[in-house]
Amino acid sequence: MLTVDFDRLRLEPGRRLLDMGCGGGRHAFAALKRGATVIALDYSEGELKEVRHTVAAMVDAGEVPPATGWGAVNGDALRLPFDDGSFDAVVGSEVLEHIGDDEGAIAELARVLRPGGRMAVTVPTRWPERICWALDHNYHDTPGGHVRIYRQHELELKLERAGLLLRGSHHAHALHSPYWWIRCAGGVDRPDRLLARRYHDVLVWQLTRNPRWLAALDRALNPVMGKSLVIYTEKPTR
């Protein structure tokens with residue numbers, strides 16, 4: 001289930017996409033299926049190993065258009081190993097909240113985006129995130145955890161200071177918010193609790209089957225309690 005709308009990034013076959021902080025690789029996989037040339041970058045070599053295995057399986061299964069290029073790169077968001085203007089589109093999904101110098105990371109993403117290219121960043125929405133922080137300090141007070149909670153206008157100002165133009169926003173994954181509240185209420189490090197497991201099963205069902213009524217419920221609730229805030233930007237041509 002994607003957080004970013006690729007149509008708003010104008011992602012077409014042959015376009016070069018950077019998925020910065022790719023994690024498990026869901027955006028990278030979807031972009032490859034669209035025929036984009038994809039570079040998945042992450043600080044964790046373990047995550048990248050899984051991404052490589054999944055892409056290889058997708059290629060073997062014919063799920064990736066022929067001659068579509070891709071790569072998985074171990075790297076640091078503050079020192080991206082790419083030339084200026086290397087990418088037509090950039091995705092930074094659920095990663096900025098983990099980085100101490102988020103403005104440095106945004107500047108790097110803007111640097112490697114070509115003029116006229118588009119970028120989408122996603123972060124946890126403020127009020128659902130505040131509930132998680134209040135319920136269990138281990139949700140954020142842990143190595144690699146979240147270091148800040150964003151207000152939308154604060155993140156937009158940081159993106160504009162990097163020279164980017166705002167091109168819209170939305171919220172996503174409303175049904176994920178209650179799951180994390182349940183997790184945090186009983187201890188975020190205890191996902192095996194019965195209620196957490198049962199709700200997780202619902203999310204897996206949404207991911208794999210996504211019946212119309214459930215998709216409609218998620219869309220209706222997104223503006224109110226969407227877990228993720230998605231902001232789209234564009235790099236000026238001058």
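Because the structure is a prediction, the values reported are computed rather than measured.
Two residues are said to be in side-chain contact when any heavy atoms from C-beta on lie closer than 4.5 Å; Asp101 and Leu78 meet this criterion. In this structure the side chain of Ser93 never reaches within 4.5 angstrom of the side chain of Val230, judged on heavy atoms. Looking at heavy atoms from C-beta onward, Trp205 lies out of side-chain contact with Asn210 at the 4.5 angstrom threshold. The shortest distance between side-chain heavy atoms of Pro211 and Gln206 does not fall below 4.5 Å.
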Can I get a per-line list of side-chain donor-acceptor pairs under 3.5 Å for residues 112-121, giving both atom names and the distance, sequence neighbours left out?
unit_1: Arg114; atom_1: NE; unit_2: Asp88; atom_2: OD1; d: 2.6
unit_1: Arg118; atom_1: NE; unit_2: Glu234; atom_2: OE1; d: 3.2
unit_1: Arg118; atom_1: NH1; unit_2: Arg8; atom_2: O; d: 3.2
unit_1: Arg118; atom_1: NH2; unit_2: Glu234; atom_2: OE1; d: 3.1

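A salt bridge links Arg34 with Asp7: the closest approach of a Lys/Arg side-chain nitrogen to an acidic carboxylate oxygen falls below 4.0 angstrom.
Every residue two or more places apart in sequence or in another chain was checked for a side-chain hydrogen bond (donor to acceptor under 3.5 Å, both in side chains) with Glu97, and none qualifies. With sequence neighbours excluded, no residue satisfies ring pair (Phe, Tyr, Trp, His ring centres under 6.0 Å) with His27. Listed by chain and number, the residues in a side-chain hydrogen bond (donor to acceptor under 3.5 Å, both in side chains) with Arg193 amount to none (sequence neighbours excluded). In this structure Arg198 satisfies the side-chain hydrogen bond (donor to acceptor under 3.5 Å, both in side chains) test with no other residue, sequence neighbours excluded. Contacts of Lys235 classified as side-chain hydrogen bond (donor to acceptor under 3.5 Å, both in side chains), with partners at least two apart in sequence or in another chain: none. Scanning for salt bridge (charged side-chain N to carboxylate O under 4.0 Å, His left out) contacts around Glu12 gives Arg15, with sequence neighbours left out. Every residue two or more places apart in sequence or in another chain that forms a side-chain contact (heavy atoms from CB on, under 4.5 Å) with Arg52 is listed here: Glu45, Leu48, Trp70, Ala72.
Between the Asp102 side chain and the Leu96 main chain, no donor and acceptor come within less than 3.5 Å of each other. For the pair Thr125 (side chain) and Gly226 (backbone), a donor-acceptor distance under 3.5 Å is present. Here the side chain of Glu108 pairs a donor or acceptor atom with the backbone of Leu80 at under 3.5 angstrom. Using a distance-only test at 3.5 Å, with no hydrogens or angles considered, no donor-acceptor pair links the side chain of Arg190 to the main chain of Ala196. A donor-acceptor contact shorter than 3.5 Å links the side chain of Asp218 to the backbone of Leu175. Here the side chain of Thr142 pairs no donor or acceptor atom with the backbone of Gly145 at under 3.5 angstrom. Using a distance-only test at 3.5 Å, with no hydrogens or angles considered, no donor-acceptor pair links the side chain of Ser228 to the main chain of Pro124. Panel note: side chain Arg183, backbone Val188; a donor-acceptor pair is recorded below 3.5 Å. Without hydrogens or angle criteria, Thr208 side chain to Val204 main chain gives a donor-acceptor distance under 3.5 Å. Between the side chain of Arg151 and the backbone N or O of Arg126, no donor-acceptor pair lies under 3.5 Å.
Glu129 and Tyr139 share a side-chain donor-acceptor pair at under 3.5 Å. In this model, a donor atom of one side chain and an acceptor atom of the other lie less than 3.5 Å apart for His173 and Thr3.
Residue-environment remark: CZ (Arg130) stays at or below the threshold of 12 foreign heavy atoms within 6.0 Å.
Pairs of residues two or more places apart, or lying in two chains, that qualify as side chain to side chain donor-acceptor pair (under 3.5 Å) and include a residue from residues 73-84 are Asp76-Arg79, Asp84-Arg111. Sorted by first and then second residue, the ring-ring contact (aromatic ring centres under 6.0 Å, His included) pairs with a member in residues 178-204 read Trp127-Trp181, Tyr179-His200; sequence neighbours excluded. Under the ring-ring contact (aromatic ring centres under 6.0 Å, His included) criterion, no residue pair touches residues 2-24, with sequence neighbours excluded. Counting only residues at least two apart or in different chains, ring-ring contact (aromatic ring centres under 6.0 Å, His included) contacts with residues 79-119 comprise Phe82-Phe87, His98-His146.
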Can you check side-chain contact (heavy atoms from CB on, under 4.5 Å) on Thr122 and Leu229, steps first, answer last? CA-CA 5 Å; Thr122 89; Leu229 165 67; over 6 Å; no
